[in-house]
S.K.: 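One structure is given below, represented as structure tokens, and several questions about it will come after.
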Amino acid sequence: MMDFQTAVFFFLSAILVAASLRVITARNPVHAALYLVLSFFTAGGIWMLLQAEFLAIALVLVYVGAVMVLFLFVVMMLDINIERMREGFWANLVPGLIVAGLMLAEMFAVLGAKYFSADRMPAPEAAAAGYSNTKELGRLIYTEYVYPFELASVILLVAIIAAIALTMRKRKDTKFQEPAKQIAVRREDRVRLVSMPAEKD
Amino acid sequence: MDALLQPVQDLLGAAWVPVWTLVKIFAIILPLMGCVAYLTLAERKIIGWMQVRNGPNRVTFFGIKALGGLAQPIADGLKLLFKEIVLPSASSKTLFVLAPVLALAPSLAAWAVIPFNDGLVLADINAGLLYIMAITSMGVYGVIIAGWASNSKYAFLGSLRSAAQIVAYEIAMGFALVTVLMVSQSLNLSDIVRGQGEGMFANMGLGVLSWNWLPLFPMFIVYFIAGVAETNRSPFDVVEGESEIVAGHMIEYSGMAFALFFLAEYANMILIATLTSIMFLGGWLSPVGFLPDGFHWLAAKSAFCLFFFLWLRATFPRYRYDQIMRLGWKVFIPVTIVWLVFIGGWMMSPLSIWK
């Protein structure tokens with residue numbers, strides 16, 4: 001009889017593995033993206049089981065709540081011809097297999113080696129009663145690792161601005177609304193009272 | 001209470017914790033569903049009175065004339081329950097059925113961390129605020145999946161509008177909450193409320209002036225308006241804009257599946273109103289020193305915020321889509337960032353009131 005945590009772990013892992021498999025086997029790209037959402041959510045559950053509640057919630061907040069929404073946004077608008085996608089299957093099979101084999105070898109090297117096996121790692125100390133994952137992470141990021149963290153944020157900012165600058169096109173015929181101008185309009189700017197002599201017949 | 005429950009606890013043994021938690025969940029969800037039902041009636045009545053008409057006044061209990069209109073939500077619910085759920089033949093069936101569930105579930109799950117009174121909360125977790133943000137951000141899937149699975153152009157346009165709108169306003173909402181957690185120095189919702197009960201004005205017996213709404217006034221306004229936009233309520237209801245895309249993502253839905261979207265919308269409204277009360281209006285705290293704190297204050301504050309939702313709907317015409325995007329990205333996000341920096345400076349200065 002395994003304990004409750006192990007049972008939850010196996011339950012979540014089973015969902016995670018099944019959902020990840022469906023991500024690559026699902027015919028419909030929207031279904032595949034939704035399976036990816038499910039696998040992110042389950043991965044969040046597993047992280048929660050490791051008592052990394054900040055990371056777990058951040059995963060759901062960032063990937064499920066924002067990234068995948070935009071991803072779905074794009075995927076839903078694709079007009080996909082399944083027949084045409086199948087065409088290059090045999091041509092792409094060999095390079096695909098090579099890449100897959102490389103990745104498998106890398107994973108074996110890391111996960112299969114004795115150095116990384118669980119019994120080599122010291123068991124982490126149990127957290128104190130008032131331990132806050134969020135606070136600890138914040139303290140580390142903003143004190144010990146503040147330079148790498150700020151550097152990463154600047155690089156991301158540059159990437160955002162570069163992406164916008166590369167894709168933005170100014171169309172000449174687009175009309176813009178300028179609310180500040182609209183609000184600043186006075187009666188005198190728009191209406192002209194003309195004094196005309198009354199007509200006599 | 002504990003002595004009364006002890007025999008039941010002994011009887012159930014190991015099953016006690018899940019059973020007792022389920023009881024608590026029902027104690028939250030059932031009144032919430034009642035509130036949702038009667039919020040629809042309140043909406044129709046209040047907007048009716050604002051437009052000098054009576055609103056629903058016919059359906060009554062046991063033929064008592066004075067209760068006219070009070071049974072309207074129950075009649076509506078029964079009617080929708082007995083209607084057929086039509087599955088469009090070219091739709092993605094599983095997702096079509098799943099979408100209303102995905103819309104409703106997050107708005108109910110978020111209630112787990114809402115503190116109703118000091119200590120009266122289902123799950124008093126440290127990262128309560130993060131949990132709320134993560135769970136509410138999942139509500140958008142209901143709308144997106146509904147729009148795509150319906151295989152209808154109107155529904156699809158509605159879901160695209162919704163995805164862009166919700167992602168845009170979530171950022172401003174998140175920044176508004178970041179300032180709240182900065183001044184509270186906690187992500188725990190109970191601690192956020194308790195933090196508002198301290199300070200100069202609270203000691204003078206004027207708790208209402210020590211709540212977050214005063215020092216964080218721009219954030220309070222941004223959070224509430226972003227909340228209206230997040231729940232797709234008028235004037236931000238382009239997602240289901242009747243005059244443009246009929247009913248948006250809900251166009252192919254009928255019967256109870258359709259009703260679930262409405263339940264989700266009204267449950268989200270109540271959630272946003274309650275969260276506004278907790279973050280900015282002092283939750284269960286009493287506004288003045290001589291009245292006791294308690295759940296009734298949270299209920300009154302939430303009702304006040306909910307009234308604003310209805311009032312806005314009766315007052316403003318629908319925003320144009322590009323204006324919604326402009327308000328979200330070009331007005332709210334800069335305002336929140338400026339106030340975030342300002343509050344940060346204030347907290348570090350000797351004038352800080354959050355010591």
Side-chain angles (χ1 to χ4, degrees), chain A residues 4 22 26-31 33-38 40-41 44-45 47-48 51-79 127 129-138 142 164 174-180 182, chain B residues 14 17-18 92 94-95 98-99 102 106 109 113 123 125-141 143-145 147-149 151 155-157 159-168 170-171 173-174 177 181-182 185-188 191 320 322-323 325-327 330-331:
Chain A
F4 184 66
R22 290 295 289 149
R27 288 274 174 82
N28 191 317
V30 172
H31 291 176
L34 288 173
Y35 277 115
L36 192 56
V37 172
L38 178 62
F40 277 139
F41 193 75
W47 289 7
M48 192 73 92
Q51 299 178 343
E53 80 260 12
F54 179 80
L55 288 178
I57 295 177
L59 180 76
V60 172
L61 184 64
V62 176
Y63 281 91
V64 176
V67 174
M68 287 312 291
V69 173
L70 297 180
F71 208 82
L72 263 180
F73 195 105
V74 175
V75 169
M76 285 194 310
M77 285 193 287
L78 294 176
D79 182 23
Y131 180 79
S132 167
N133 203 286
T134 317
K135 202 171 184 171
E136 197 57 29
L137 206 67
Y142 287 103
I164 294 173
T174 339
K175 285 179 184 167
F176 283 103
Q177 197 184 16
E178 288 183 37
Q182 291 178 330
Chain B
V17 175
S92 179
T94 329
L95 289 180
L98 197 65
L102 281 179
V113 294
I125 59 173
N126 267 335
L129 193 60
L130 273 175
Y131 171 83
I132 291 265
M133 285 162 78
I135 288 291
T136 49
S137 71
M138 288 183 54
V140 62
Y141 280 101
V143 177
I144 296 186
I145 293 176
W148 184 78
N151 200 11
F156 187 58
L157 283 174
S159 73
L160 288 186
R161 284 178 171 198
S162 155
Q165 181 179 327
I166 289 183
V167 168
E170 222 162 50
I171 300 170
M173 227 175 170
L177 292 183
L181 68 93
M182 266 166 67
Q185 315 224 328
S186 172
L187 286 165
N188 184 304
D191 286 344
R320 215 172 58 200
D322 60 314
Q323 291 171 331
M325 284 295 135
R326 181 186 158 270
L327 185 71
K330 290 188 177 172
V331 180

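Side chains included, hydrogens not; waters and symmetry mates left out as well; all remaining heavy atoms used. Every chain is numbered from 1 and lettered A, B, ... according to where its sequence line falls, protein lines coming before strand lines.
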S.K.: Once you round to the nearest 0.5 Å, how far does CG of B/L187 lie from CD of A/E53?
M.R.: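 The distance works out to 9.5 Å.
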S.K.: Check A/M76 against B/I144 and note the closest heavy-atom contact, atom names and distance.
M.R.: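 Smallest heavy-atom distance, with atoms named: CE-CG2, 3.5 Å.
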S.K.: Please classify the contact of B/I135 with chain A as side chain, backbone, both or neither, using a heavy-atom distance under 4.5 Å.
M.R.: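 Neither part, no heavy atoms under 4.5 Å.
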S.K.: Counting only heavy atoms closer than 4.5 Å, note whether B/E170 contacts chain A via side chain, backbone, both or neither.
M.R.: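 Interface part for B/E170: side chain.
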S.K.: Determine the minimum heavy-atom distance between A/F73 and B/L160, stating which atoms define it.
M.R.: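 A/F73 and B/L160 have their closest heavy atoms at CE1-O, 3.4 Å.
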S.K.: State whether the side chain of B/Y141 and the backbone N or O of A/L34 hold a donor-acceptor pair below 3.5 Å, judged by distance alone.
M.R.: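 No.
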S.K.: Is B/M138 in contact with chain A via its backbone, its side chain, both, or neither, using a 4.5 Å heavy-atom distance?
M.R.: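 For B/M138, the contact with chain A is made by the side chain alone.
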S.K.: What are the two closest non-hydrogen atoms of A/G65 and B/S137, and how far apart are they?
M.R.: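 That closest heavy-atom pairing would be CA-OG, 3.5 Å.
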S.K.: Which distance, rounded to the nearest 0.5 Å, do you find between the CD of A/E178 and the CZ of B/R326?
M.R.: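 Output value for this atom pair is 9.5 Å.
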S.K.: Can you confirm whether more than 12 heavy atoms, excluding those of A/Y63, are under 6.0 Å from its OH atom?
M.R.: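 Not more than 12 within 6.0 Å, no.
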S.K.: Considering all heavy atoms of both residues, which atom of B/L130 and which atom of A/I57 are nearest to each other, and what is their separation?
M.R.: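 Residues B/L130 and A/I57, closest heavy atoms: O-CG2, 3.4 Å.
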S.K.: Side chain, backbone, both or neither: which part of B/A164 has a non-hydrogen atom closer than 4.5 Å to chain A?
M.R.: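 Both parts, backbone and side chain.
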S.K.: Heavy-atom distances under 4.5 Å only: say whether A/V37 touches chain B with side chain, backbone, both or neither.
M.R.: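 Contact with chain B involves the side chain of A/V37 alone.
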S.K.: Given that the side chain runs from C-beta out, which part of B/I166 has a heavy atom under 4.5 Å from chain A: side chain, backbone, both or neither?
M.R.: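 Contact with chain A is absent: no heavy atom of B/I166 under 4.5 Å.
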S.K.: Is the count of non-hydrogen atoms from other residues, nucleotides or ligands lying under 6.0 Å from A/Y35 atom OH greater than 12?
M.R.: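 Result for OH/A/Y35: open.
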S.K.: Between the side chains of A/H31 and B/T94, does any donor sit under 3.5 Å from an acceptor?
M.R.: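 Checked: A/H31/B/T94 side chains show no N/O donor-acceptor pair below 3.5 Å.
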S.K.: With a 4.5 Å cut-off on heavy-atom pairs, point out which of A/V62, A/V64, A/T134 contacts chain B the most.
M.R.: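 Ranked by contacts with chain B, first place is A/V64.
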S.K.: Could you tell me which portion of B/S92 (side chain, backbone, both or neither) has an atom closer than 4.5 angstrom to a non-hydrogen atom of chain A?
M.R.: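 Contact with chain A: side chain only.
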S.K.: Please classify the contact of A/L72 with chain B as side chain, backbone, both or neither, using a heavy-atom distance under 4.5 Å.
M.R.: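 Contact with chain B: side chain only.
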S.K.: Under a 4.5 Å heavy-atom cut-off, does chain A meet the side chain of B/T136, its backbone, both or neither?
M.R.: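 B/T136 has no heavy atom closer than 4.5 Å to chain A.
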